[in-house]
Amino acid sequence: MAKKIALLFLCLTLYADTFDRACVPCHQRRGVALKPIFFDYLLYYSSERGVKGAMREFLLRPDPKKRLYKKGPIYRHRIDPGTLQKALDEYWERYKVIGKIK
Amino acid sequence: MDINLLSEKKSLLSFLGLYIFLTLIILSLSSFMYYRFQKEIVLSSHLPKLQEYAKDVIHRIRQMHESLLEDNYYPRYSNFRSAIYDADHVRIFSLLQTDRIDFSSVLYKVGDKIHFIKEPELYYLGAKYVIIEIEDDEAWITAVYKNIFTFGSLFLLFMAGLGYFLVKLFLRPMKNSILLLNNFIKDTTHELNTPVSTILANIETIDKSQIPPKIVKKIDRIDIAARTISHIYKDLTYLLLHEKIPSTIEQIDINTLLEQRVEYFKTLADSKKITIEFHKAPSTLKADRKKIARLIDNLLSNAIKYNKLGGKIIITTSKEGFSIQDTGVGIPKEKIDEIFTRYLRLNSSEGGFGIGLHIVSMIAKEFGLSIDIDSKVDKYTKVSVTWPKK
């Protein structure tokens with residue numbers, strides 16, 4: 001039983017890995033918290049589709065006018081679109097509001 | 001009155017139909033509009049309160065948003081319920097009692113609930129739509145129905161009055177022309193009576209043995225013509241005045257009456273060389289003598305008119321009726337029913353044969369007599385008149 005749960009955990013961590021590997025470390029290093037960024041996107045783009053679409057658009061083709069994070073110089077992310085999609089899915093799952101309100 | 005009113009009646013009926021149809025359309029449309037209008041009023045009367053509620057909810061979710069959902073307790077109120085939905089109409093959180101949300105409107109009713117949808121300028125927690133739900137006590141609906149009922153009834157009453165007035169207006173010219181025609185016919189028929197009676201009376205006084213047979217023949221023809229006019233005259237008077245002629249009911253000896261009528265038609269029958277057979281059995285009927293004579297005259301007249309030269313007429317009487325049978329052209333089987341139904345429906349406009357049968361049927365109806373037609377083409381037509389046993 002314990003083994004099974006461990007295996008499940010492993011699978012989950014493996015699956016939910018991209019975001020933690022590709023995004024979190026650098027952001028932590030540079031002190032750019034991802035949670036407030038997420039809520040800012042939520043504030044302007046509302047839905048899952050809107051938030052993910054806007055982030056993707058910004059990260060692939062940064063446009064200063066559409067920037068929500070206003071501190072520091074703009075950072076040109078270099079991530080391949082496949083990884084980005086996976087990372088954004090996990091990003092959404094981690095901070096999404098639906099199901100967390102009481 | 002029996003002047004043909006059928007086409008006028010038809011157009012009158014279609015006018016009435018259209019009138020009623022339009023009235024109902026107007027009524028239902030205005031009721032519907034009134035209902036909608038009242039609903040709008042009731043809904044907007046809740047608006048300020050709803051705006052206030054929405055503001056409270058938005059204020060609260062803004063706090064939640066700013067705490068990055070560390071504070072995740074959604075606001076609950078006793079007097080309303082609320083929900084938040086994202087831009088893709090996905091539910092973020094809801095306390096509503098119904099899931100039927102119309103994102104295209106701002107203020108609307110679902111079932112017995114009122115929904116108000118507010119879009120905050122910033123989508124706190126991703127909420128593009130904040131929905132406020134309150135109960136609708138629906139007392140206004142009863143009031144609306146009450147009003148629709150009372151004012152609808154008043155309107156219907158008014159329209160009925162107007163309709164009556166319009167129909168009268170519509171009928172007046174028709175009535176006038178019919179009245180004119182009637183008076184004309186009544187006057188002329190009245191004036192017709194005297195000369196015809198004079199001719200008939202004078203012919204009767206002629207001693208035919210004193211004059212040459214050639215002249216007798218001519219006088220007979222005059223006699224027949226005068227009798228035909230007299231017959232038509234009597235039919236016309238019956239048609240025009242039968243409602244005003246009260247029936248004097250008496251015990252009629254059908255045999256005597258038939259004999260008299262046969263005698264009256266004798267010259268006409270002779271001219272077509274028709275022999276009349278009479279099989280008598282005791283027969284009496286309680287009815288108006290003149291009217292029964294009219295009935296018999298019409299049957300006899302038809303029996304002569306549609307008989308062949310040298311034909312026969314067989315009259316049979318019995319306790320409960322009599323029959324008159326000719327040897328004439330007959331009526332095809334499939335047409336007997338038709339003639340019968342048609343003749344019940346016949347009116348004076350059909351002329352000739354029609355008038356006669358129409359009068360027969362009217363008189364039969366008045367005295368509760370039943371009429372049967374039995375016929376074979378080119379052989380005979382037998383009309384039986386029967387009455388119930390007393």
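In what follows, chains are A, B, ... by sequence order, proteins preceding strands, each numbered from 1.
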Contacts of residues 131-152 of chain B with chain A (heavy atom under 4.5 Å):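 Under the 4.5 Å heavy-atom cut-off, nothing qualifies.
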
Residue-level interface, residues 34-67 of chain B with chain A, non-hydrogen cut-off under 4.5 Å: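 So far as heavy atoms go, Met64(B), His65(B) are the residues that approach chain A to under 4.5 Å.
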
Sidechain-backbone polar pair: Ser47(A) side chain, Ala87(B) backbone, donor-acceptor under 3.5 Å: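 Here the side-chain-to-backbone pair does not exist.
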
Heavy-atom neighbours of Arg67(A) CZ exceed 12 at 6.0 Å: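 Yes, CZ of Arg67(A) has more than 12 neighbouring heavy atoms, counting only those of other groups under 6.0 Å.
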
Close approach to chain A in residues 91-103 of chain B, criterion heavy atom under 4.5 Å: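 Arg91(B), Ile92(B), Phe93(B), listed by number.
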
Partner chain A: residue of Tyr85(B), Tyr124(B), Tyr74(B) with the largest heavy-atom pair count (under 4.5 Å):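 Of the candidates given, the most pairs with chain A belong to Tyr74(B).
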
Within 6.0 angstrom of Lys70(A) NZ, more than 12 heavy atoms from elsewhere: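 Yes - once you tally the heavy atoms of other residues, nucleotides and ligands closer than 6.0 Å, there are more than 12.
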
Largest heavy-atom contact set with chain A, pairs under 4.5 Å, which of Val90(B), Leu122(B), Asp71(B):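 Between Val90(B), Leu122(B), Asp71(B), the count favours Leu122(B).
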
Gap between atom NZ of Lys100(A) and atom CG of Asn72(B) - 0.5 Å precision: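 The CG atom of Asn72(B) sits 10.0 Å away from the NZ atom of Lys100(A).
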
Inter-residue atom distance Tyr129(B).OH - Ser46(A).OG, 0.5 Å rounding: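 Those atoms lie 8.0 Å apart.
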
Close contacts, residues 27-43 of chain A versus chain B, judged by heavy atoms under 4.5 Å: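 The list, in residue order, reads Lys35(A), Pro36(A), Phe39(A), Leu42(A), Leu43(A).
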
Flag if over 12 foreign heavy atoms under 6.0 Å of OH, Tyr44(A):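 No, the 6.0 Å shell around OH holds no more than 12 heavy atoms from other groups.
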
